[in-house]
Visitor: 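Sharing a structure here in structure tokens format.
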Number of protein chains: 2
Amino acid sequence: MPEVLIVDDEIQIRRFLRIGLETNGYKVYESPNGHDAILKVAQRKPDLVILDMELPDLDGLEVLRRLREWTRLPVIILSVRASDVDKVAALDAGADDYLTKPFSMDELLARLRVAQRHAQPLAETQIFKSGPLQVDLSRRIVTVNDQTVKLTPTEYALLRLLIQHHGKVLTHKQILREVWGPEYVNETHYLRVYFAQLRQKIEDDPALPRLIVTEAGVGYRLIDEG
Amino acid sequence: MPEVLIVDDEIQIRRFLRIGLETNGYKVYESPNGHDAILKVAQRKPDLVILDMELPDLDGLEVLRRLREWTRLPVIILSVRASDVDKVAALDAGADDYLTKPFSMDELLARLRVAQRHAQPLAETQIFKSGPLQVDLSRRIVTVNDQTVKLTPTEYALLRLLIQHHGKVLTHKQILREVWGPEYVNETHYLRVYFAQLRQKIEDDPALPRLIVTEAGVGYRLIDEG
DNA sequence: CACACATCTTGATACTTTTTTGATGTGATC
DNA sequence: GATCACATCAAAAAAGTATCAAGATGTGTG
């Protein structure tokens, strides 16, 4: 859920914005003045800031400049001032958008979505490695000794769970609950079958498992850096 | 020197924009209509596009949608229509900003600078290749072994989605939501039919697919560098 | 308006993969 | 040597997939 900080001194405006944003799936923080706003951005680390230009303590532009000293998070300016010079000053100071009051909620929401789009960095490829095993979680590709291996949905879910907790022991119940669902916590036979299958596919020697080790009486564990 | 494409049917507006932009250090291209605009973006590869909503051939929104099929370059909309629905539609279709006429040159320039800041240095994949398959996303031309192949709108939408995420597994739901819409997420039969059709058209041997592989129980994946 | 044409939707059927289930084997511990 | 926890194998059941083709819908044209 994206988090927004609303910076405005008028409580009615904050209220209006909060309602509109919350009904559209945002988590909302509020600041009534500039100093508090800068503090809250640092503390709460919101995904977006909606910043009014008229504040009791600091100028909105000044708040923006201070924020831009250390963060590039999207800032959308709200203002009653519609003059070019104000807009240009704010935009050049690092604002991502500038809306003149009165504005419609729909437009603000659309412009927030644009700002979120812009903020998204390129998705980095997340790859887990351990010995001969290599798992590309974003592409759903598993390789062993550089050979791609085909896993069924359940086998993959199991392996992904092990990777998410690599190094730690996962109890039988934990695994069954996560992979099959809470009503399967006693189907320990499933574990035997699927761990055998998984070892068959990803271990160099399935009879002497080096990646997936059994912790007798407890559960299973995935070794990293084998 | 940043390069801008101006898309507007009125020659006076183009002139006005050209002068303002050139005196501020931009190199300017012009398009009087939508089809020419799409072509020029592919040919000239400008850094920015200024797009008027009222065009003689295609709707501005349609031009934007077509561009977003293959490129994320910044597009700033100009329009006489100031209604929320128009703005929201354009922004959600992928526009980076929306200016209502009349606007000031200074504001436009400032918003261009914002758009340039946001521009992500992406390697634009105008043409996708994999094995015998070749797809020109900007011209919507699909060839297999240098033979042009005709795809229906849905088949093309499907292929384009696969290309945008090539290498990754796309789940059934993802595909149905993107191509047919959120209310179709359970119509898995559509997938069977359309993937069969697509394979028939783009695979060398549709019975042994090498480009579009099935991940049973999960979804489908487009292989790159087959 | 009626026509041909392309495309989308739907149903039937054969086929493949995956999951579930049961039977049996192994080794350690008491 | 009986018991326990785990491993392995393989068949049955279930779920998912491929393909063909007919019906429905929509499109533009004369």
Side-chain angles (χ1 to χ4, degrees), chain A residues 140 142 148-162 169-181 183-222, chain B residues 140 142 148-162 169-181 183-222:
Chain A
R140 201 193 184 274
V142 180
T148 57
V149 168
K150 254 190 83 185
L151 296 186
T152 71
T154 310
E155 286 162 6
Y156 185 78
L158 198 56
L159 181 57
R160 205 187 45 195
L161 184 68
L162 290 171
V169 181
L170 283 161
T171 65
H172 299 148
K173 290 203 176 186
Q174 272 182 296
I175 298 168
L176 287 163
R177 181 155 21 81
E178 289 289 326
V179 175
W180 280 271
E183 61 273 31
Y184 289 78
V185 288
N186 295 314
E187 303 279 0
T188 52
H189 187 43
Y190 281 19
L191 295 178
R192 312 259 154 66
V193 173
Y194 273 92
F195 273 101
Q197 288 175 6
L198 202 49
R199 281 170 171 157
Q200 203 62 238
K201 290 185 179 180
I202 69 169
E203 294 277 1
D204 281 333
D205 181 358
L208 280 121
R210 295 165 50 80
L211 293 166
I212 299 172
V213 297
T214 304
E215 303 281 350
V218 188
Y220 296 86
R221 182 157 59 103
L222 181 68
Chain B
R140 293 184 167 182
V142 180
T148 311
V149 168
K150 224 190 127 199
L151 297 185
T152 72
T154 310
E155 286 162 6
Y156 184 78
L158 197 55
L159 181 58
R160 184 167 57 76
L161 183 68
L162 290 171
V169 177
L170 285 163
T171 65
H172 302 143
K173 290 200 177 187
Q174 276 181 294
I175 299 168
L176 288 163
R177 181 154 23 79
E178 290 287 327
V179 175
W180 280 271
E183 60 273 32
Y184 288 78
V185 289
N186 294 313
E187 302 280 357
T188 52
H189 188 43
Y190 280 21
L191 295 179
R192 312 267 145 66
V193 174
Y194 273 91
F195 273 101
Q197 288 175 6
L198 203 48
R199 279 170 172 159
Q200 205 61 239
K201 291 185 180 181
I202 69 168
E203 294 277 0
D204 281 333
D205 181 358
L208 281 121
R210 295 166 49 80
L211 294 167
I212 299 171
V213 299
T214 303
E215 304 276 349
V218 187
Y220 295 86
R221 180 209 311 268
L222 181 68

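A, B, ... follow the sequence lines: proteins, then strands. Residue 1 opens every chain.
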Visitor: Mind listing the closest non-hydrogen atom pair of A/L161 and A/V179 along with its distance?
Guide: CD2-CG2, 4.0 Å
Visitor: Grab the NE2-P distance between B/H189 and D/dC20 for me, whole Å please.
Guide: 13 Å
Visitor: Looking across every strand, which nucleic acid part, if any, lies under 4.0 Å from B/Y194 by heavy atom: base, sugar-phosphate, or nothing?
Guide: base
Visitor: Hey, can you tell me if A/Y190 and A/Y184 have their rings parallel, tilted or perpendicular (30° and 60° cut-offs)?
Guide: tilted
Visitor: Taking A/L211's backbone N and O only, do any of them form a donor-acceptor pair with A/E203's side chain (distance below 3.5 Å, no angle check)?
Guide: yes
Visitor: Rounded to the Å, how far apart are B/Q200 CD and D/dT19 P?
Guide: 7 Å
Visitor: Report the residue (A/V193 or B/E155) whose heavy-atom-nearest nucleotide on DNA chain C is the more 5′ of the two.
Guide: B/E155
Visitor: A/Q197 has an atom CD; how far is it from atom P of D/dA7, in whole Å?
Guide: 13 Å
Visitor: Whole angstroms only, please: what is the OH-C1' distance between B/Y190 and D/dT25?
Guide: 11 Å
Visitor: Can you check nucleotides 4-6 of chain D for protein contacts, nitrogen or oxygen pairs under 3.5 Å, and list what you find?
Guide:
{"from": "D/dC6", "atom 1": "OP1", "to": "A/G217", "atom 2": "N", "distance (Å)": "2.7"}
{"from": "D/dC6", "atom 1": "OP2", "to": "A/R192", "atom 2": "NH2", "distance (Å)": "2.9"}

Visitor: Give a yes/no on whether any side-chain N or O of A/W180 is located under 4.0 angstrom from OP1 or OP2 of C/dT20.
Guide: yes
Visitor: Would you mind reading off the distance between B/L176 atom CG and C/dT9 atom P, rounded to a whole angstrom?
Guide: 11 Å
Visitor: Tell me whether the OP1 or OP2 atom of C/dT7 has a side-chain N or O from B/K150 closer than 4.0 Å.
Guide: yes
Visitor: Can A/L159 and A/K201 be said to form a side-chain contact (heavy atoms from CB on, under 4.5 Å), step by step?
Guide: CA-CA 11 Å; A/L159 181 57; A/K201 290 185 179 180; over 6 Å; no
Visitor: Roughly, in whole Å, what's the span from CG in B/L208 to P in C/dC15?
Guide: 16 Å
Visitor: Keeping the roles fixed (side chain from A/R199, backbone from A/I212), state whether a donor-acceptor pair exists under 3.5 Å.
Guide: yes
Visitor: Hey, what do you get for OG1 (B/T188) to NZ (B/K173), rounding to the nearest 0.5 Å?
Guide: 10.5 Å
Visitor: Find the distance B/L198:CG to D/dT19:P and express it as a whole number of Å.
Guide: 12 Å
Visitor: Give a yes or no on whether the backbone of A/R140 and the side-chain of B/R221 come within a donor-acceptor separation of less than 3.5 Å.
Guide: yes
Visitor: Quick one: label B/T188 by what it contacts on the DNA or RNA (base, sugar-phosphate, nothing), any heavy atom closer than 4.0 Å.
Guide: nothing
Visitor: How many whole angstroms separate atom CD1 of B/I175 from atom P of D/dT17?
Guide: 10 Å
